[in-house]
2 protein chains.
Amino acid sequence: MQSTSTHRPPRCLDCDTRRHCLAAGLDATGLDAFEHQVVLRRHVLKRHQRLVARGAPFDTLYSVQQGQLKTERAMPDGSRRQVIGFHQPGRLLGLESLGANSHRCDALALCDSTVCAISYPSLTRMMKQYTALTRRFHQLVGTELDRQQTSMLMLGTAKTPQRLAALLLDLADGGGDDGCPADTVTLRMSRDDIASYLGLALESVSRQLSQFRVAGLLAVHNRRIDLLDRERLRGIAMAG
Amino acid sequence: MQSTSTHRPPRCLDCDTRRHCLAAGLDATGLDAFEHQVVLRRHVLKRHQRLVARGAPFDTLYSVQQGQLKTERAMPDGSRRQVIGFHQPGRLLGLESLGANSHRCDALALCDSTVCAISYPSLTRMMKQYTALTRRFHQLVGTELDRQQTSMLMLGTAKTPQRLAALLLDLADGGGDDGCPADTVTLRMSRDDIASYLGLALESVSRQLSQFRVAGLLAVHNRRIDLLDRERLRGIAMAG
DNA sequence: CGCAGCCTTGATATTCTTCAAGCATAGTGG
DNA sequence: CCACTATGCTTGAAGAATATCAAGGCTGCG
């Protein structure tokens with residue numbers, strides 16, 4: 001972890017993403033305990049700043065409060081990197097390290113972001129008492145596994161158009177600040193990141209975007225994408 | 001879940017895989033509580049028998065005691081299936097459903113197997129009291145996420161030879177009944193299953209096995225594979 | 001204004017899939 | 001016990017999808 005501002009953004013009670021985060025479902029007392037015993041601090045990250053480095057000792061999970069991050073993973077020998085996930089507010093980072101002593105992924109901010117550092121030992125302690133917290137934690141873990149399996153399914157069986165359409169729709173859902181689908185998606189990541197995540201060459205991503213544009217499915221303005229025909233995109237994402 | 005024998009195979013105390021399963025690390029008292037309060041029953045499965053059907057209400061996890069199972073996943077519309085994982089003794093099934101009300105995967109026995117059904121509500125209750133159990137559960141969850149991310153990395157970035165070499169070495173590790181690497185691997189799954197898991201056509205798997213054979217890396221006797229040159233296989237799995 | 005990074009597009013090369021045929025194996029019933 | 005059949009596996013040839021190589025354009029920042 002690298003140096004970050006020590007400024008403390010919204011406390012749990014005032015936090016916009018409380019509804020979706022690990023603390024969701026806690027009452028006022030619980031929320032207070034969570035904030036003081038479990039949340040170690042809040043990190044304010046600048047674009048491209050690293051939050052977690054692979055190999056760092058694991059005792060902290062991270063909850064995205066604002067912004068967006070990517071997690072990356074490399075082969076043991078360093079060859080072949082891949083983006084494993086894009087993380088929007090409410091998602092938990094570091095879960096794949098629960099079985100190890102050290103973090104298994106790098107995590108980097110795609111835009112200016114804030115992240116809550118969560119003490120894993122303290123979380124464990126607090127879960128003994130707060131069933132709602134345990135339930136929520138397990139929910140997030142399950143969702144994460146589910147999401148990854150969906151990614152595996154994409155990487156294993158889907159062609160380029162399906163992969164890209166699915167990602168765009170994914171980013172659009174929950175991309176609206178209200179958590180609702182938005183008709184315009186701002187890509188916070190480079191074409192390179194997208195390609196890596198989808199298991200494609202970056203040129204393929206570029207070409208596919210152009211094809212979607214020509215087909216009238218969307219409009220491309222740099223990293224802003226206007227979804228013009230959600231229905232057809234959804235059809236492509238599902239069945240090709 | 002389909003009908004299974006009601007015979008109860010090894011109790012926890014006598015179980016060979018206790019060392020690797022969810023109950024690892026529990027003392028005698030804990031083990032007793034685990035067996036009586038958390039383990040609902042043990043399923044004896046015949047080859048090809050289904051343990052879990054996608055969509056079944058979720059309140060049970062499964063721990064593999066003996067044998068091997070595969071989990072499969074399909075697109076919502078049913079097109080495109082993929083094998084998500086092969087599960088050997090000690091592994092937990094159903095974790096991806098923790099965030100949902102219903103199971104998200106199918107699970108099928110690849111050979112005659114026994115599986116412990118674990119009540120998720122009871123497990124949650126018992127974890128409040130037994131820290132070691134919580135720790136172990138989180139460890140298994142983390143390992144599962146880690147494993148899946150490694151699969152994503154393979155599916156996204158690796159060529160055919162790398163994928164297959166990595167799988168063979170994976171199956172060899174822990175394939176020995178003592179949990180140690182074995183020099184001969186018995187594939188419990190079809191070429192089709194392997195291909196699906198690796199995101200390839202089954203013909204590609206077959207061809208690649210032949211190439212490995214010609215190169216003197218292994219010998220193929222149906223589903224029994226003798227690994228003749230682990231080192232070179234490992235090199236291929238890592239860097240191609 | 002100009003540089004640097006990012007993105008698009010085109011041409012070519014490669015990998016993998018698909019289609020098709022034949023072989024081997026394990027299981028079945030005579 | 002043996003022949004028979006279904007299933008799974010291997011191999012070959014053709015074709016499709018995608019990567020790679022190469023060049024040029026756009027954009028945002030200094």
Side-chain angles (χ1 to χ4, degrees), chain A residues 46-48 70 79-83 108 110-112 154-165 167-168 185-215 217-225 236 239-240, chain B residues 46-48 70 79-83 108 110-112 154-165 167-168 185-215 217-226 236 240:
Chain A
K46 293 231 180 65
R47 192 181 189 216
H48 294 155
K70 67 173 171 183
S79 68
R80 286 185 294 174
R81 284 187 87 61
Q82 185 176 20
V83 172
L108 290 100
L110 291 169
C111 55
D112 294 355
M154 280 293 162
L155 290 168
T157 69
K159 302 285 183 210
T160 302
Q162 302 163 349
R163 297 189 197 190
L164 187 56
L167 175 62
L168 290 174
V185 185
T186 300
L187 305 175
R188 295 277 144 74
M189 68 296 284
S190 69
R191 301 286 193 269
D192 209 357
D193 285 333
I194 294 176
S196 171
Y197 176 68
L198 297 178
L200 300 170
L202 77 89
E203 293 95 327
S204 297
V205 172
S206 195
R207 271 185 251 274
Q208 191 58 56
L209 275 175
S210 297
Q211 280 185 239
F212 282 161
R213 176 169 44 71
V214 169
L217 296 175
L218 45 73
V220 182
H221 308 95
N222 279 314
R223 294 192 177 185
R224 222 194 59 234
I225 311 281
I236 290 170
Chain B
K46 295 231 181 63
R47 192 183 190 214
H48 295 155
K70 67 174 172 182
S79 67
R80 286 184 296 176
R81 283 186 87 62
Q82 185 176 22
V83 171
L108 291 100
L110 291 169
C111 56
D112 293 356
M154 279 295 162
L155 290 167
T157 71
K159 302 283 182 214
T160 302
Q162 303 164 351
R163 297 188 197 190
L164 186 57
L167 175 62
L168 290 174
V185 185
T186 301
L187 305 176
R188 296 277 145 73
M189 68 297 283
S190 68
R191 301 285 193 270
D192 210 358
D193 285 334
I194 295 177
S196 170
Y197 176 68
L198 297 178
L200 300 169
L202 78 90
E203 291 96 329
S204 297
V205 172
S206 193
R207 272 185 251 274
Q208 190 59 55
L209 274 176
S210 296
Q211 281 185 237
F212 282 161
R213 175 169 46 70
V214 170
L217 296 175
L218 45 73
V220 182
H221 308 95
N222 280 315
R223 295 192 176 185
R224 222 194 58 233
I225 311 281
D226 298 318
I236 289 170

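Chain letters run A, B, ... following the sequence lines, proteins first and then strands; every chain starts at 1. In what follows, every heavy atom counts, from backbone to side chain, and hydrogens, waters and symmetry copies are set aside.
Contacts of B/R81 classified as side chain to side chain donor-acceptor pair (under 3.5 Å), with partners at least two apart in sequence or in another chain: B/E72, B/D106. Legend: residues meeting salt bridge (charged side-chain N to carboxylate O under 4.0 Å, His left out) with B/D226, ordered by chain and number and at least two apart, are B/R224.
Rounded to 10 degrees, the angle separating the terminal axes of the helix from C/dC1-D/dG30 to C/dG30-D/dC1 is 40°, with each axis obtained from five end pairs.
Sequence order on DNA chain C of the closest nucleotides to B/A158 and A/H48 puts A/H48 first from the 5' end.
Here the CE-OH distance, from A/M189 to A/Y197, works out to 9.5 Å after rounding to the nearest 0.5 Å. Atoms CZ and CG, on A/R47 and A/D112 in that order, are 8.5 Å from each other to the nearest 0.5 Å. To the nearest 0.5 Å, atoms CE (B/M154) and CG (B/L167) are separated by 9.5 Å. Here the straight-line distance linking atom NZ of B/K70 with atom CG of B/L110 works out to 6.0 Å at 0.5 Å rounding. Rounded to the nearest 0.5 angstrom, B/N222 CG and B/T186 OG1 are separated by 11.0 Å. Considering CD1 of A/I225 and CZ of A/R213, their distance stands at 10.0 Å, rounded to 0.5 Å.
Atom-to-atom, CZ of A/R224 to C1' of C/dC7 comes out at 17 Å; the value is rounded to the nearest Å. Whole-Å rounding puts the A/L187 CG to C/dT8 C1' distance at 15 Å. Rounded to an integer number of Å, the gap from B/N222 CG to C/dT25 P is 6 Å. Whole-Å rounding puts the B/R191 CZ to C/dT17 P distance at 16 Å. Taking atom NE2 of residue A/H221 and atom C1' of nucleotide C/dC6, one finds them 18 Å apart after rounding to whole Å. Rounded to a whole Å, the CD1 atom of A/I194 is 14 Å from the C1' atom of C/dT8. A straight line from CG of A/L164 to P of C/dC7 spans 13 Å, rounded to a whole angstrom. When the C1' atom of C/dC6 is taken as reference, atom CE of A/M189 falls 15 Å away, rounded to whole Å.
Looking only at atom types and distance, the side chain of A/Q208 has no donor-acceptor partner in the side chain of A/R163 under 3.5 Å away.
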Original post:
Can you check side-chain contact (heavy atoms from CB on, under 4.5 Å) on A/L218 and A/V185, steps first, answer last?
Top reply: CA-CA 10 Å; A/L218 45 73; A/V185 185; over 6 Å; no
Original post:
Can you list the steps and then say if B/I194 with B/L200 is a side-chain contact (heavy atoms from CB on, under 4.5 Å)?
Top reply: CA-CA 8 Å; B/I194 295 177; B/L200 300 169; over 6 Å; no
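A 4.5 Å side-chain heavy-atom check between A/V205 and A/D192 finds every atom pair outside the cut-off.
Of all the residues in residues 195-202 of chain B, B/G199, B/L200, B/A201 reach under 4.0 Å from DNA chain C with at least one non-hydrogen atom. Residues from residues 206-213 of chain B lying near DNA chain D, meaning a heavy-atom separation below 4.0 Å, are B/S206, B/R207, B/S210, B/R213 in numerical order.
Of all the heavy atoms in B/L198 and B/L155, the pair that sits closest is O-CD2, 3.4 Å. Considering all non-hydrogen atoms of both residues, B/R80 and A/A158 come closest at NH1-CB, 2.8 Å.
No engagement by B/R163 is indicated, since no non-hydrogen atom pair under 4.0 Å with the nucleic acid exists.
Here chain A contacts DNA chain D (any atom closer than 4.0 Å to a heavy atom, that is under 4.0 Å), and the contacts span D/dA17 to D/dG28 from 5' to 3'.
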